[in-house]
Amino acid sequence: MRPIQVSRQAAQMAHDNIDRAIKAANDILAQVVIAREAEATILKGPHQDLESYLKAVGHLKEVADFFSLKENFKNCERFLNDINILLSKSSLMIEGEFKKLMITHSKPVDPDLLLCWPSKHQWASDGDAEASGGNSGDSKHPSKSLATAIYMTPILIIPRILSRLHALAQQLIQDGNQQSCYRIYRDARSSALGMSLQKLGVEKLSNDDVERMQLDALEAKIGKWTQFMRIAMRLLLPGERKLCDEVFDGISFNKDQCFAELAGTGVLTLLSFGDAFAESKRSPEKLFVLMDMYEVMHELRPEIEVIFKDSFCSEIREAALGLMKLLKQTAQETFLGFEEVVEKDTSKTNVHDGTVHPLTIYVINHVKFLFDYQSTLKLLFQEFETGSDTEFELGVVLTKIMQALQNNLDGKSKQYKDPALMCIFLANNIHYMQNANQYKRVAWGKVVQTLSVQGASSTGTSAPSDLSSSGVSRAMIKERFKSFNMQFEELHAKQSLWTIPDQELRETLRLAIAEVLLPAYRSFVQRFGNLVENEKKPRKYLKYSPEGVDQLLGELFEGQQSGEQKQ
């Protein structure tokens with residue numbers, strides 16, 4: 001029986017070996033079929049059907065893994081070699097397709113679209129945020145999120161192409177071609193951004209170019225530059241950041257470094273113009289455009305700090321914030337230096353008839369323009385005059401400028417040999433300057449006095465909650481607000497009916513009042529407004545905002561009944 005059992009076991013083992021051999025052969029044949037099908041798809045290229053192409057690449061990699069474990073297979077090495085050659089070819093095709101799509105679809109944004117964008121959509125307003133489904137509160141705090149900077153950005157690459165780029169980038173990086181992917185993307189988007197800025201009108205100017213330009217031409221360029229900065233920081237660069245994030249979403253890729261490199265050239269070209277102007281020869285006439293530039297940089301600071309927040313963007317961020325600091329410093333020094341310019345003016349213009357000297361007209365006009373920039377001047381001096389009242393300090397500087405003008409005019413009056421003509425000259429110029437001062441002192445001195453609390457303090461009977469941080473009682477503050485309202489309304493009603501036909505004199509007097517009244521009133525409201533805000537009828541006391549007072553001052557001397565007084 002034993003020989004029969006041995007023979008039967010041998011037959012069974014032979015049968016099992018044959019089954020295993022057939023299964024192995026079937027598995028190998030199946031993998032070969034998969035490889036041939038994948039090869040056919042890959043050789044067609046990724047352009048027509050990218051999804052099938054990438055699946056074929058995946059299948060081919062699985063076949064390669066399969067045969068890498070079949071070392072005893074006779075033709076394994078040659079077959080694996082063929083597969084690897086095909087995979088290398090597919091990788092080149094994917095790189096080529098990625099490059100082709102990036103170049104084809106990385107086009108400059110239409111400058112007309114960018115230039116009309118703000119007027120159509122406004123910059124990150126509350127209403128826009130609500131309309132776009134965002135949180136309207138974000139627009140007040142743009143540094144908290146990129147949402148306020150990117151939710152309305154132009155579409156740089158259409159979604160259909162964007163999804164193809166994402167899939168291709170993912171495959172490239174899986175294949176170990178991260179450097180090629182990085183270079184292709186960076187170069188294409190850097191070129192597109194550069195062309196967008198160039199078509200918009202951005203040009204690279206050296207310090208010498210800026211120094212040689214006439215002020216009118218410079219002012220025109222700076223007006224455009226402020227617009228270009230807003231477009232770049234609120235549309236183009238957030239758009240580039242968003243695109244980079246979407247193309248490489250979920251992919252292990254150094255997006256921040258790539259964005260920093262593609263954005264660097266364009267941004268630094270924009271900033272270089274600001275640097276060149278801030279470093280150019282100073283003059284009082286440049287103060288106003290300096291303040292325009294500083295105001296824009298201050299306005300865009302939240303966007304700058306968010307877009308360039310990572311370490312790779314530190315050079316760009318520091319360059320932008322450095323420009324803002326330089327503009328602030330230059331504007332401060334130019335403003336403070338105007339007093340010396342006026343004091344030392346040695347112009348030889350001889351006014352034969354004793355009329356108003358050109359210097360007087362120039363200085364008064366300069367001061368008028370300064371009044372238009374009062375909010376920017378406050379920004380400039382908020383940190384410069386640490387610990388002191390900004391508006392008070394600005395008023396001191398303006399007073400010194402007017403005193404410097406008067407001193408200069410006294411010197412110029414000595415040129416007249418006729419004592420009577422000298423008196424006429426001084427009378428005309430001092431009248432031009434000082435009648436405003438005499439008027440504001442006589443007409444508005446009592447109103448301003450109601451806003452003073454110097455020497456006033458609590459009697460000791462008030463509860464702590466009824467005291468301001470300065471120790472002034474709530475009752476006193478309520479009385480001062482009531483007194484101010486009554487006197488202001490009386491003067492406004494009366495002087496709105498007065499007529500000053502000369503527009504320049506009319507504006508000069510309004511400016512003279514505002515220079516004294518508005519800083520005092522704004523400071524008073526800021527310091528003591530909280531003592532009346534919780535009253536049952538707070539508007540009985542705090543009837544006017546500082547802006548409302550400013551608006552009502554603009555109605556003086558029109559010779560007509562004023563409209564309804566606005567809060």
Side-chain angles (χ1 to χ4, degrees), residues 98 101-111 113-114 117-118 120-125 128-136 138-139 141-170 173 181-182 184-197 200 228-267 270 300-314 316-317 320:
F98 184 73
L101 288 178
M102 284 302 307
I103 293 174
T104 302
H105 295 279
S106 291
K107 301 298 182 184
V109 182
D110 183 354
L113 172 66
L114 293 173
W117 199 275
K120 285 185 176 180
H121 303 281
Q122 300 303 317
W123 294 121
S125 66
D128 292 328
E130 290 173 2
S132 65
N135 183 348
S136 63
D138 284 348
S139 62
H141 303 285
S143 61
K144 293 184 179 179
S145 168
L146 263 179
T148 53
I150 68 174
Y151 69 86
M152 293 190 307
T153 54
I155 296 173
L156 301 179
I157 293 181
I158 58 175
R160 178 176 61 84
I161 300 300
L162 184 61
S163 63
R164 289 176 65 86
L165 288 170
H166 176 266
L168 289 166
Q170 193 169 36
I173 292 167
C181 181
Y182 184 101
I184 291 168
Y185 184 89
R186 178 199 61 198
D187 293 349
R189 292 314 308 168
S190 178
S191 175
L193 177 60
M195 287 191 291
S196 294
L197 292 172
L200 197 59
F228 297 160
M229 284 297 300
R230 289 189 175 101
I231 289 171
M233 297 299 172
R234 288 176 169 161
L235 295 178
L236 291 176
L237 290 166
E240 290 292 349
R241 173 68 88 170
K242 181 182 179 184
L243 179 64
C244 191
D245 288 343
E246 290 176 342
V247 170
F248 300 105
D249 182 39
I251 301 174
S252 179
F253 184 79
N254 201 337
K255 295 181 290 188
D256 293 335
Q257 184 176 358
C258 188
F259 172 75
E261 290 188 13
L262 74 86
T265 301
V267 176
L270 261 176
L300 295 174
R301 180 171 185 168
E303 284 91 342
I304 291 168
E305 291 183 336
V306 171
I307 296 170
F308 306 116
K309 62 184 177 181
D310 57 81
S311 59
F312 292 105
C313 293
S314 60
I316 303 174
R317 183 178 64 253

Is the backbone N or O of D187 less than 3.5 Å from a side-chain atom of S190, with the two atoms forming a donor-acceptor pair by type? no
Point-to-point distance, once rounded to the nearest 0.5 Å, from OG of S252 to CD1 of I173: 7.5 Å
Compare all side-chain heavy atoms of E240 with those of T153 and state whether any distance is below 4.5 angstrom. no
So, taking the atom named CG in L114 and the one named CD1 in I231, what distance separates them when rounded to the nearest 0.5 Å? 5.5 Å
Look at the side chain of H105 and the backbone N and O of I158, then say whether any donor-acceptor pair between them is shorter than 3.5 Å. no
For the residue pair F308 and L237, establish whether any side-chain heavy-atom pair is separated by less than 4.5 Å. yes
How far does CG of N254 sit from CZ of F259, to the nearest 0.5 angstrom? 13.0 Å
Nearest heavy atoms of A169 and F98, plus distance in Å: CB-CE1, 4.0 Å
Do S106 side-chain atoms and A192 backbone N/O form a donor-acceptor pair below 3.5 Å? no
What one should report as the nearest heavy-atom pair of F253 and C181 is CE1-SG, 4.3 Å
Using a 4.5 Å cut-off on heavy atoms from C-beta on, say whether the side chain of R189 contacts that of M102. yes
I'd like to check L235 versus P154 (side-chain heavy atoms, cut-off strictly below 4.5 Å). Are they in contact? yes
Sort out for me which residue in I184, L101, V247 forms a side chain to side chain contact (heavy atoms under 4.5 Å, CB included) with L168. L101
Taking all non-hydrogen atoms of both residues into account, name the closest pair between A260 and C313 and its distance. CB-SG, 3.6 Å
Full working for side-chain contact (heavy atoms from CB on, under 4.5 Å) between V109 and L200: CA-CA 9 Å; V109 182; L200 197 59; over 6 Å; no
Working to the nearest 0.5 angstrom, can you tell me the gap between I304 CD1 and M233 CE? 4.5 Å
Can we say R241 and D310 salt-bridge, meaning some charged N sits less than 4.0 Å from an Asp/Glu carboxylate O? yes
Output for pair (L193 CG, L236 CG), nearest 0.5 Å, gives 6.0 Å
Check for a donor-acceptor pair, side chain of S163 on one end and backbone N or O of R160 on the other, with a separation under 3.5 Å. yes
Can you see which heavy atom on F228 is nearest to which on L270, and at what distance? CB-CD2, 3.9 Å
To the nearest 0.5 Å, how far apart are CD1 in I161 and CG in L156? 14.0 Å
